[in-house]
2 protein chains.
Amino acid sequence: MVRHRVSFAGGTSRGVVLDLIRTRGPISRVALADLTGLTQATMSTVVRQLLDEGLILETGRGESTGGKPPVMLDIDPNSRFAVGVQLGRESITYVAIDLSGAIVGRTRTPGVGSTEPTEMVQRLAAEIERTLSALDIEKRSVLGVGVVAPGPLDLAHGAILRSPHLAAWFKVPIRDMLSTALDLPVLLDNDATAAAIGDFWSGRLDGVTAHATVYMGTGIGAGILIDGIVFRGASSNAGELGQVVVAEDRGDPVFLEDVAAPSAVVQRARATAVSARWGLTGDDEFDDFRRIALAAAHGDAAATDLIECSAGHLAAGVLTLANLFDLDSITLAGPAFGVAGPTYVTAISRRLEADLFVRMQHGVRVRLSTDVANAAAIGGAALVMQHELAPRTMGLSSLVTR
Amino acid sequence: MVRHRVSFAGGTSRGVVLDLIRTRGPISRVALADLTGLTQATMSTVVRQLLDEGLILETGRGESTGGKPPVMLDIDPNSRFAVGVQLGRESITYVAIDLSGAIVGRTRTPGVGSTEPTEMVQRLAAEIERTLSALDIEKRSVLGVGVVAPGPLDLAHGAILRSPHLAAWFKVPIRDMLSTALDLPVLLDNDATAAAIGDFWSGRLDGVTAHATVYMGTGIGAGILIDGIVFRGASSNAGELGQVVVAEDRGDPVFLEDVAAPSAVVQRARATAVSARWGLTGDDEFDDFRRIALAAAHGDAAATDLIECSAGHLAAGVLTLANLFDLDSITLAGPAFGVAGPTYVTAISRRLEADLFVRMQHGVRVRLSTDVANAAAIGGAALVMQHELAPRTMGLSSLVTR
DNA sequence: CATGCTTAATAAAGCAGCCTAAGAAAGATC
DNA sequence: GATCTTTCTTAGGCTGCTTTATTAAGCATG
């Protein structure tokens with residue numbers, strides 16, 4: 001047999017193998033060699049390294065297929081941990097995950113509010129330290145912290161550019177400040193991107209080539225993964241699903257965000273005659289959206305109409321997204337899907353089945369995230385896992401340095 | 001100085017260096033080492049190889065900057081050639097390009113019509129042989145032939161899936177048939193993708209990260225390049241710009257193709273009272289579109305309205321595309337831009353300047369292709385150049401075998 | 001104009017990640 | 001128990017890069 005030399009970009013084979021063990025484990029060395037295309041000899045040394053680092057374990061014997069039974073390998077979940085922090089409007093969510101991606105701890109504190117960045121960083125650091133010690137996690141087994149924020153970010157400098165309620169954070173180097181305070185690696189990324197990586201790390205995207213995680217909080221975004229690698233575009237702002245043009249109004253574009261986001265639903269709700277019965281407060285748009293979704297879930301016709309309308313628009317936007325990226329997998333995440341998630345899944349699935357350009361060739365798997373509310377925070381932690389254990393970037397400009 | 005190990009995915013450094021020499025040449029070894037991040041020593045050997053293969057030449061001395069003056073390197077344009085074939089509705093275009101991407105020959109023959117695939121392949125092969133010998137190009141300096149067709153293709157098998165006027169070609173392995181007939185490598189790809197690679201090969205995309213070439217012929221497509229690598233999606237059908245949803249009509253999506261493509265313009269024209277004065281034939285929608293565009297160019301108000309309307313819709317679709325992919329460069333190509341190109345460029349530029357999500361961070365360069373009518377054929381040839389001389393694909397699934 | 005300085009290019013040796021080839025280990029089969 | 005099959009490791013080699021050192025070719029200066 002003629003073997004061709006096989007190689008992953010810049011020494012990522014260790015990461016690819018770790019991914020496979022995580023998602024397909026327990027698994028033998030031979031099976032890993034088959035899946036990656038690497039030789040058994042190479043796999044032997046890669047696996048040796050992962051064992052030495054304590055990331056994986058030999059968990060016993062597999063079934064013999066006529067010869068020596070294989071030694072099965074699996075992740076050692078408790079060997080490493082990562083922390084994810086979601087800087088929310090109304091609250092900050094902290095999660096700790098283990099190497100398998102399972103949540104081992106979760107806390108929630110009041111939102112950023114008007115706290116100064118300097119003080120906030122101290123509070124974040126303190127809360128993270130507290131969470132870790134409460135969980136009996138040694139700091140040296142913590143790979144780092146992933147901070148997740150909405151809106152456009154300056155990833156190069158680890159700062160927030162503009163965000164609805166985080167104006168005071170403009171260009172503050174929060175990533176480096178928190179890293180100094182904690183003496184741990186810190187990453188900053190966008191909520192949708194993080195949620196997508198979280199889906200990938202959970203192993204639910206096995207076999208998927210082109211995936212998008214649609215994240216709806218206050219705004220609407222999408223984290224896009226190609227072979228598990230984040231698609232970022234020219235300035236790391238790709239996937240701004242809320243900025244899809246869905247109609248025109250006297251020559252001006254109408255964006256998806258204007259018609260499908262929670263705030264749009266609430267605004268339209270206020271204009272209806274029956275809105276009083278949903279108990280809208282007017283203080284917190286997001287809370288009001290939840291009330292409308294709940295009313296819809298209980299069969300309220302007008303509320304159902306409002307949610308269906310939002311879902312219909314989102315479905316059209318997602319159809320555009322799926323056609324442009326030729327997706328084969330979509331998940332929905334974010335607090336907006338907390339109550340009405342299934343309605344949105346149905347609307348999107350129907351739309352794609354009917355109108356996807358390549359529907360004759362392949363379908364698109366549409367699913368709800370396993371934990372819509374915490375998806376971004378979990379993703380933040382997953383981001384750190386991927387960055388530290390299986391780094392990978394797209395394109396040629398991304399020279400791999402190590 | 002601590003140097004980090006730098007590496008391009010699977011031995012593509014040769015191709016990257018060739019790209020740089022092509023686009024930035026004449027250039028010295030030292031400058032190449034700086035640009036790529038490779039060491040001077042490595043560059044020395046890479047350049048040696050390219051010189052040995054005859055792809056590049058030492059063209060003389062550069063300016064001294066206080067020490068030994070550098071030896072400048074440049075492409076040897078006549079060392080290699082490639083042929084591009086565009087299977088058009090009404091005509092087939094053949095172009096030959098040299099290594100610098102310049103057109104060295106062009107032919108046009110009647111379109112495919114109802115010719116059987118088997119016979120057509122023989123005709124294509126004969127015409128290509130004739131073109132090459134007329135240009136005095138030796139066959140061994142020809143890297144291959146790039147065949148370009150509209151519509152969804154089966155790239156794995158090198159066949160056309162469905163195409164307006166090429167129904168008889170469904171699943172016919174045209175790529176392999178032509179390769180056998182010519183004894184040359186043959187590639188098949190989509191018109192938009194090819195046009196994008198053509199733009200890249202021409203060197204006009206230097207410094208661009210995320211580019212799209214919008215191709216409008218009968219349909220509307222986009223070829224997307226990230227760092228010069230084609231973005232293909234799950235089934236190589238990414239960039240279907242015509243399938244962007246621009247409005248809704250009683251719950252059904254209205255696609256960009258339905259309102260902005262030449263056929264939509266012609267249809268709308270027929271419904272106007274004044275359409276008689278444009279001399280529409282009704283035979284050939286594309287020809288009629290050209291007449292309307294010409295009338296608009298001569299100041300006909302009703303024709304201008306029709307073209308502006310199409311341009312406005314396309315601009316909205318391109319805005320969506322630019323926001324989702326975070327583009328920093330767009331070119332327009334395809335026969336539909338032959339007459340009215342500047343109108344479309346203006347409409348798109350204006351729309352992006354006004355509404356691009358990241359307009360505060362960076363702009364998007366919008367330009368017309370240097371040769372709108374032949375862009376796809378040129379791109380087909382460029383595709384072969386890139387495939388043979390600087391192969392690269394995106395993601396991890398693309399294991400590099402050699 | 002000989003000497004030294006700077007920059008350009010090559011040469012030599014080493015390392016990392018993959019390969020092939022060969023063999024050891026451990027059970028299955030007869 | 002001998003042989004076969006499959007798993008896993010070891011040994012040696014190739015490739016593409018690195019680092020370090022050397023040669024080549026110009027400028028600057030006493």
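Quick note on labels: first sequence line is chain A, next is B, and so on, each numbered from 1. From a predicted model like this one, the values you see are computed outputs, not experimental measurements.
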- Item | Side chain to side chain, E58(B) and V47(B), heavy atoms closer than 4.5 Å | no
- Message: What verdict does the side-chain contact (heavy atoms from CB on, under 4.5 Å) test give for V147(A) and R175(A), after you've listed the backbone C-alpha separation in whole Å, the side-chain angles of each residue and the deciding distance to 0.1 Å?
- Response: CA-CA 8 Å; V147(A) 178; R175(A) 184 188 61 198; over 6 Å; no
- Task: Write down the atom of G228(A), the atom of F200(A), and the distance for their closest heavy-atom approach.
- Result: CA-CE1, 3.6 Å
- Query: When the distance from CG of D52(A) to C1' of dT9(D) is rounded to whole Å, what number comes out?
  - Reply: 14 Å
- Task: Would you please classify the geometry between the F231(A) ring and the F231(B) ring as parallel, tilted or perpendicular, with 30° and 60° separating the classes?
- Result: perpendicular
- Taking OP1 and OP2 of dT10(C), is either one under 4.0 Å from a side-chain nitrogen or oxygen of T45(B)? no
- Item | Footprint string (nucleotides 25-30 of chain D, 5' to 3'): B base within contact, S backbone only, - free, heavy atoms under 4.0 Å | BB----
- Task: Would you mind reading off the distance between R29(B) atom CZ and dA11(C) atom C1', rounded to a whole angstrom?
- Result: 14 Å
- Message: Applying side chain to side chain donor-acceptor pair (under 3.5 Å) to T213(B) and D199(B), what does each step give before you reach the verdict?
- Response: CA-CA 8 Å; T213(B) 292; D199(B) 278 327; 2.7 Å; yes
- Query: In whole angstrom, what separates R14(B)'s CZ from dC17(D)'s C1'?
  - Reply: 17 Å
- Task: Starting from P on dA9(C), measure out to CG on L50(B) and report it in whole angstrom.
- Result: 15 Å
- Item | side-chain contact (heavy atoms from CB on, under 4.5 Å) between I224(B) and H211(B), intermediate numbers included | CA-CA 6 Å; I224(B) 293 151; H211(B) 169 85; over 6 Å; no
- Tell me which nucleotide among dT9(D), dA9(C), dC17(D) gets nearest to the side chain of S28(B). dA9(C)
- Message: Counting only side-chain nitrogens and oxygens, does T39(B) get under 4.0 Å of the OP1 or OP2 atom of dT18(D)?
- Response: yes
- Task: Specify the separation, in whole Å, of atom CG of L38(A) and atom C1' of dC8(D).
- Result: 15 Å
- Query: With a 4.0 Å cut-off on heavy atoms, is V71(A) in touch with a base, just the backbone sugar-phosphate, or nothing at all?
  - Reply: sugar-phosphate
- Query: Phosphate oxygens OP1/OP2 of dT7(C): is one of them under 4.0 Å from a side-chain N or O of T65(B)?
  - Reply: no
- Task: Calculate the interatomic distance between I56(A) atom CD1 and dC8(D) atom P; express it in whole Å.
- Result: 12 Å
- Has D183(B) got more than 12 heavy atoms of other residues, nucleotides or ligands less than 6.0 Å from its CG? no
- Rounding to a whole Å, what distance do you find between Q40(B):CD and dT23(D):C1'? 14 Å
- Task: Can you tell me the distance, in whole Å, between the CE atom of M72(A) and the C1' atom of dT7(D)?
- Result: 12 Å
- N or O in side chain of T42(B) less than 4.0 angstrom from dT18(D) OP1/OP2: yes
